2 protein chains.
Amino acid sequence: MPDRAPADRRGELLAIAARLFADKGFKNTTVRDIADAAGILSGSLYHHFDSKESMVDEILRTFQEELFGQYDEILASDADPLAKLEQAVLVSFDAIDQHHDEVAIFQNEAAYLLTFDRFSYLADRNRQSREVWLTLLRNGIDAGVLRDDLDVELTYRFIRDTVWVAVSWYRPGGRRTHTEIAKQYLSILLEGIHS
Amino acid sequence: MPDRAPADRRGELLAIAARLFADKGFKNTTVRDIADAAGILSGSLYHHFDSKESMVDEILRTFQEELFGQYDEILASDADPLAKLEQAVLVSFDAIDQHHDEVAIFQNEAAYLLTFDRFSYLADRNRQSREVWLTLLRNGIDAGVLRDDLDVELTYRFIRDTVWVAVSWYRPGGRRTHTEIAKQYLSILLEGIHS
DNA sequence: GTCTATATCTAGATAGAC
DNA sequence: GTCTATCTAGATATAGAC
């Protein structure tokens with residue numbers, strides 16, 4: 001593996017920053033915090049990155065490219081509508097497990113970051129995500145496997161919110177695996193809690 | 001109405017601050033922002049309040065006393081378990097409608113504020129909220145009206161998250177009333193989306 | 001690639017006049 | 001109750017040495 005160390009220094013620093021942004025918030029994390037955690041001084045960070053904004057930008061872009069690639073694969077597959085919906089939920093919980101910090105940052109900081117022009121792509125991603133879920137829900141209704149008396153827009157929001165907000169309490173390595181949680185969630189979502 | 005203006009100036013300023021804290025975040029709202037919105041200068045705010053922290057403290061305390069009073073009433077009532085659960089959901093969506101900014105602040109800033117000793121009561125309120133929902137769910141299971149194969153702790157989290165996170169997209173005066181949203185949500189929660 | 005040193009800016013808070 | 005003026009602390013970012 002040639003030039004692994006130099007190429008990865010950037011990734012290391014981004015991972016350290018992501019952890020802090022996720023835990024304390026973007027605004028509330030100082031470049032000194034990041035440098036301290038990395039064992040260097042704040043000025044040295046500017047050898048690697050333009051600004052604190054550039055750091056969070058790179059973190060979110062990289063993560064979202066991967067996540068939306070997975071959604072696209074599901075949409076393009078030939079699974080039945082119910083299976084696709086389940087896969088989308090599982091992939092999302094997988095992201096919470098594998099990219100916990102990135103999901104947390106997107107959940108907690110997107111509204112703030114969207115006030116800057118350079119982060120306008122986050123709004124595009126929100127629209128894209130809405131399209132994915134609405135498509136899955138409409139296909140399920142059309143195929144007759146989902147109730148047709150539900151407000152699709154509201155249903156989409158409930159699913160989206162419950163899935164992603166789990167990042168606020170799920171901790172990788174905890175008592176329940178992310179797959180167990182995803183399956184319980186799907187059971188409630190599909191069948192309800194009424195006996 | 002004697003001395004209405006002087007007594008309400010405090011409340012006016014708190015409402016202005018709450019709106020800004022909810023929209024932009026606590027850390028990201030400056031005392032100058034608050035003063036600007038109130039049409040005064042930043043120094044003048046300190047005639048009314050000790051600090052920015054005191055402002056958010058008063059906002060959250062007042063709101064939570066009211067909300068938890070309502071939960072206590074539901075728990076103490078003689079309605080059946082299913083009705084109590086429905087009432088708790090309705091009361092929560094009512095809070096999102098009537099105290100939108102306060103709910104948003106609690107949702108978005110609690111984790112940060114909890115790093116200060118003076119806000120440790122927020123952790124107590126979180127525990128209290130958990131007890132309310134767990135009690136409602138357990139009573140429903142014991143009475144046989146809720147599925148007994150569900151993880152109660154996970155179910156509580158899904159309900160809590162989906163209810164409160166609605167504050168991020170619900171806007172008072174929008175296309176759907178908060179009661180319509182609450183009823184759709186209860187329909188999904190109780191019966192599921194499967195046809 | 002990191003450190004030293006520092007420029008620049010912004011924020012919370014205070015004191016006293018009006 | 002508000003304004004003027006200002007203090008102080010802390011944050012982002014830069015320049016040049018090592």
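Each chain gets a letter, A, B and so on, in the order the sequences are listed, and its residues count up from 1. Predicted model only: the values in this text are computed from it and were never measured.
In this structure the side chain of B:L85 never reaches within 4.5 angstrom of the side chain of B:N139, judged on heavy atoms.
Close to D:dT2, at under 4.0 Å from its OP1 or OP2, lies no side-chain N or O of B:H47.
Among the atoms of the strands shown, none is found under 4.0 Å from any heavy atom of B:S54. Looking at heavy-atom distances under 4.0 Å, B:I40 makes contact with sugar-phosphate atoms alone, never a base.
Cation-pi geometry between A:R157 and B:W169 is met: under 6.0 angstrom from the ring centre, within 45 degrees of the axis. Cation-pi geometry between B:K24 and A:Y112 is not met: the NZ or CZ atom fails to fall both under 6.0 Å from the ring centre and inside 45° of the normal.
Comparing D:dC3, C:dT4, D:dG1 by their closest approach to the side chain of B:H48 singles out D:dG1. Set against D:dA13, D:dA11, C:dC3, the side chain of A:S44 has C:dC3 as its closest nucleotide. Listed candidates were D:dA13, C:dT2, C:dA11. Nearest to the side chain of A:Y46 is D:dA13.
Of all heavy-atom pairs between B:R175 and B:E180, the closest is O-OE1, 4.3 Å.
Between the CZ atom of B:F49 and the P atom of C:dT14 there is a distance of 15 Å, rounded to whole Å. Per the geometry, CG belonging to A:L45 stands 14 Å off P belonging to D:dA11, to the nearest Å. Taking atom CG of residue B:D36 and atom C1' of nucleotide C:dT10, one finds them 14 Å apart after rounding to whole Å. Rounded to whole angstrom, the span from the CG atom of B:N28 across to the C1' atom of C:dA11 amounts to 12 Å. Rounded to an integer number of Å, the gap from A:M55 CE to D:dA11 C1' is 15 Å. Following rounding to the nearest Å, B:R10 (CZ) and D:dT2 (P) show an atom-to-atom distance of 13 Å. In this structure, CZ of B:R32 is placed 11 Å from C1' of D:dT6, rounded to the nearest angstrom. Atom C1' of nucleotide D:dA11 and atom NZ of A:K24 are separated by 12 Å, given to the nearest angstrom.
Ionic pairing of A:E131 and A:R127 is not present here: no N-O contact between side-chain nitrogen and carboxylate oxygen is shorter than 4.0 angstrom.
Evaluation of atom-type donor-acceptor distances gives no pair under 3.5 Å for the side chain of A:R9 against the base of C:dG1.
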